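From a predicted model like this one, the values you see are computed outputs, not experimental measurements. A, B, ... follow the sequence lines: proteins, then strands. Residue 1 opens every chain. Reckoned from all heavy atoms, side chains included, excluding hydrogens, waters and symmetry mates.
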Protein chains: 2
Amino acid sequence: MRNRLEELRKKTGITQEALADRLEVSRQTIGSLESGRYNPSIVLAFKIARFFGVNIEDIFIYEEEN
Amino acid sequence: MRNRLEELRKKTGITQEALADRLEVSRQTIGSLESGRYNPSIVLAFKIARFFGVNIEDIFIYEEEN
DNA sequence: AAATAATGTCAAGTATGCTTTACATTGTTC
DNA sequence: GAACAATGTAAAGCATACTTGACATTATTT
């Protein structure tokens with residue numbers, strides 16, 4: 001699954017750390033998501049989507065990977 | 001987070017086991033989600049949403065619980 | 001009522017998401 | 001170019017998602 005987190009974050013001109021604070025997760029979690037190290041939990045996905053004012057599907061793109 | 005999985009599954013007249021097979025997860029996973037034992041991973045949430053032809057937000061309802 | 005299907009539930013194990021700590025690299029500002 | 005800010009990355013630990021196997025309960029069919 002890929003995501004547009006870095007793109008959206010940069011568009012809003014916020015740092016990884018500031019975003020992490022707003023979402024109440026660690027800076028490393030944001031970095032890990034942006035670099036594709038792992039996927040967010042559904043709860044974190046909801047928080048992220050809400051922060052950017054969009055649907056989960058607009059940020060996280062699931063393409064039937066195995 | 002609550003969800004409408006049982007409701008949607010019953011509406012389509014499918015058993016937990018049949019749904020589990022279609023989604024390639026165990027029967028216990030479906031039961032656990034329906035009973036609120038735990039939340040799905042975002043990948044499973046996508047699969048479920050796609051199976052029912054709706055958005056994740058239509059099945060899984062996140063209400064800012066702490 | 002007996003047989004079968006569907007669901008509930010529990011335990012133990014593996015995988016993944018997230019944390020903290022720590023240090024290195026890259027980018028920006030003075 | 002020195003100082004500071006932002007990001008990358010890795011290890012170890014904890015929590016949660018999901019598995020298989022097993023058995024009990026409830027619902028449905030015959």
### Between the first and last five pairs of the helix from dA1(C)-dT30(D) to dC30(C)-dG1(D), the angle of the axes, rounded to 10 degrees
50°
### Query
Excluding sequence neighbours, so at least two apart, what forms side chain to side chain donor-acceptor pair (under 3.5 Å) with Arg2(B)?
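If we apply the side chain to side chain donor-acceptor pair (under 3.5 Å) test to Arg2(B), skipping adjacent residues, there are no hits.
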### Contacts of Gln16(A) that satisfy side chain to side chain donor-acceptor pair (under 3.5 Å) - sequence neighbours left out
Glu34(A)
Can you name the nearest heavy-atom pair linking [X] to [Y], along with the distance?
X	Y	value
Arg9(A)	Ile14(A)	NH1-O, 3.0 Å
Leu5(B)	Ile59(B)	N-CG2, 4.2 Å
Ala45(A)	Ile42(B)	CB-CD1, 3.5 Å
Tyr38(B)	Leu33(B)	O-CD2, 3.3 Å

#### Entry: Asn3(A) side-chain N/O to Ile61(A) backbone N/O, donor-acceptor pair under 3.5 Å
no
### Query
Where does the chain B footprint on DNA chain D start and end, counting 5' to 3' with a 4.0 Å heavy-atom cut-off?
dA17(D) to dA22(D)
### Task
With sequence neighbours left out, write down each residue that passes salt bridge (charged side-chain N to carboxylate O under 4.0 Å, His left out) with Arg4(B), or none if nothing qualifies.
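Applying salt bridge (charged side-chain N to carboxylate O under 4.0 Å, His left out) to Arg4(B) gives Glu7(B).
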### Letter per nucleotide, 5' to 3', of nucleotides 17-30 of chain C [B base touched, S only sugar-phosphate touched, - untouched; heavy atoms, 4.0 Å]
SBBBBB--------
#### Entry: Near-strand residues of residues 7-14 of chain B, defined as heavy-atom separation under 4.0 angstrom from DNA chain C
Arg9(B)
### Task
List for me each residue that meets ring pair (Phe, Tyr, Trp, His ring centres under 6.0 Å) alongside Phe46(A), sequence neighbours excluded, and say none if there are none.
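Scan of Phe46(A) (ring pair (Phe, Tyr, Trp, His ring centres under 6.0 Å), adjacent residues dropped) gives Tyr62(B).
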### Task
Tell me, please, which residues at least two apart from Thr15(A) pass side-chain contact (heavy atoms from CB on, under 4.5 Å).
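So Thr15(A) forms a side-chain contact (heavy atoms from CB on, under 4.5 Å) with Glu17(A), Ala18(A).
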Using a 3.5 Å cut-off and no angle test, enumerate the donor-acceptor pairs between side-chain atoms of residues 20-27 of chain B and protein atoms at least two apart in sequence or in another chain.
from: Ser26(B); atom 1: OG; to: Thr29(B); atom 2: N; distance (Å): 3.2
from: Ser26(B); atom 1: OG; to: Thr29(B); atom 2: OG1; distance (Å): 3.1

#### Entry: Pair listing, side chain to side chain donor-acceptor pair (under 3.5 Å) test, anchored in residues 41-58 of chain A, at least two apart
Arg50(A)-Glu64(B)
